[in-house]
There are 2 protein chains.
Amino acid sequence: MKNYTDTLRSHNLKATPQRLAITDILYAHGHISIESLYDVMIKKFSSISLATIYKNINLMLENSFIQEVKLPNQKTVYELTKHSHSHIMCDRCGMVNDITIDLNAIVNTVSTLENFEVSKADLVLSGVCKNCA
Amino acid sequence: MKNYTDTLRSHNLKATPQRLAITDILYAHGHISIESLYDVMIKKFSSISLATIYKNINLMLENSFIQEVKLPNQKTVYELTKHSHSHIMCDRCGMVNDITIDLNAIVNTVSTLENFEVSKADLVLSGVCKNCA
DNA sequence: CGATTAAAGGATAAAAATTATTATTCATTT
DNA sequence: AAATGAATAATAATTTTTATCCTTTAATCG
């Protein structure tokens, strides 16, 4: 398992046990909601405060250490920042996975046609995953 | 201006003055948040309750009369249901607009490659609009 | 039309989610 | 190892959303 101590520090974040746990959980789960993150964290830190979760998630967001993924009809989940990518979400089991799709053609078309300077593309494809089908 | 009385009724929703106002506002604004909707509504109905806004928005969502659009770093907005489409959002002024993009190629690729049955694609392109550039 | 009825609105309370405050504890630097 | 600035936990305060209760109203039908 990767140790995130240095990564945290390079983002100007002290490497506290709580933060290392959060990063480990994010790494292990891929995507997780505040609620679920708290449920997992409370097992390791029986006295952790929900405010600590929020504070750290918001700090990590500001530092672009993590990113938020807003999903249709579901709670927002968070993931470690990686290369730009899209998501698939199963409406049955709630599974969320990364997918790499080349959106350059679309971005270029919109930039010229709409005269709109695109800097980011958030795409979520929802449907039914192979396990639930 | 279109009269939404019959449209509301066809969705099993009574055509009350408050609901007609909500649909008019949605039509005029294109996209609006709960907060802004309340701000506009209170001008016409000085004693309207915020709960009424929430109740109606949720009812209209259930009936697919309207749809919610989750935006990165911004409050969720709502729009009248229309043909499937994507959105562009300006990071400077907050403007949100519909755009029509053909995502069939992407959907098909993902369906076969990931063995995932796609039923919906939510795409938000963010950046800088022509007015803000 | 006017009465009936199921649904909607308004006021308010309650619940859920998020943020702010503060004293204490801890990670890092020297 | 001590000093210091930052993080944590506990708690309070806000904000957002939903539920309840009672009154009012839109739609239906004679």
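Chain letters run A, B, ... following the sequence lines, proteins first, then strands; residues in each count from 1. Predicted, not measured: the structure shown is a model, and the values here were computed from it.
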Please determine whether a side-chain nitrogen or oxygen atom of A:Q18 lies at a distance below 4.0 Å from atom OP1 or OP2 of C:dC26. no
Just the rounded figure in Å: distance from C1' of C:dA27 to CZ of A:R9. 8 Å
Would you say a side-chain N or O of B:T16 is under 4.0 Å from OP1 or OP2 of C:dG9? yes
Taking atom types as modelled, is there a side-chain donor on B:D98 or B:H31 under 3.5 Å from an acceptor on the other? yes
Give the rounded distance in Å between these two atoms: OH of A:Y38 and P of D:dA10. 9 Å
Could you state the atom-to-atom distance from CG of B:D6 to P of D:dA26 in whole Å? 16 Å
I need the CD1-C1' distance between B:I53 and C:dG9, as an integer number of Å. 11 Å
With A:L103, the side-chain contact (heavy atoms from CB on, under 4.5 Å) member among A:V118, A:L123, A:N108: A:L123
For side chain to side chain donor-acceptor pair (under 3.5 Å), just list the numbers for A:S36 and A:S33, CA-CA rounded to whole Å, side-chain angles, deciding distance to a tenth of an Å, and then say yes or no. CA-CA 5 Å; A:S36 303; A:S33 68; 3.1 Å; yes
Whole-Å distance separating the CG atom of B:L59 from the C1' atom of C:dG9: 12 Å
Separation of atom CG in A:L13 from atom P in C:dA27, rounded to whole Å: 15 Å
Using the rule that two of Ile, Leu, Val, Met, Phe, Trp, Tyr join whenever any of their side-chain heavy atoms come within less than 4.5 Å, decide whether B:V40 and B:L80 are in one cluster. yes
Can you measure A:N12 atom CG to D:dG5 atom P for me and round it to whole angstrom units? 16 Å
Run the side-chain contact (heavy atoms from CB on, under 4.5 Å) check on B:T23 and B:M60 step by step: do they pass? CA-CA 10 Å; B:T23 53; B:M60 290 174 174; 4.3 Å; yes
Look at B:T52 and C:dG10 and indicate whether a side-chain polar atom (N or O) is within less than 4.0 Å of OP1 or OP2. yes
Can you give one letter per nucleotide of nucleotides 15-25 of chain C, going 5' to 3': B for a protein heavy atom under 4.0 Å from the base, S for sugar-phosphate only, - for none? --SBBB-----
side-chain contact (heavy atoms from CB on, under 4.5 Å) assessment of B:D122 paired with B:K70: CA-CA 9 Å; B:D122 291 289; B:K70 292 196 175 179; over 6 Å; no
Test B:L37 against B:I57 for side-chain contact (heavy atoms from CB on, under 4.5 Å), laying out the working first. CA-CA 10 Å; B:L37 178 58; B:I57 289 294; 3.7 Å; yes
If only side-chain N and O atoms of A:N56 are considered, is one of them under 4.0 Å from the OP1 or OP2 phosphate oxygen of D:dA7? no
Separation of B:L20 atom CG from C:dG9 atom C1', in whole Å? 14 Å
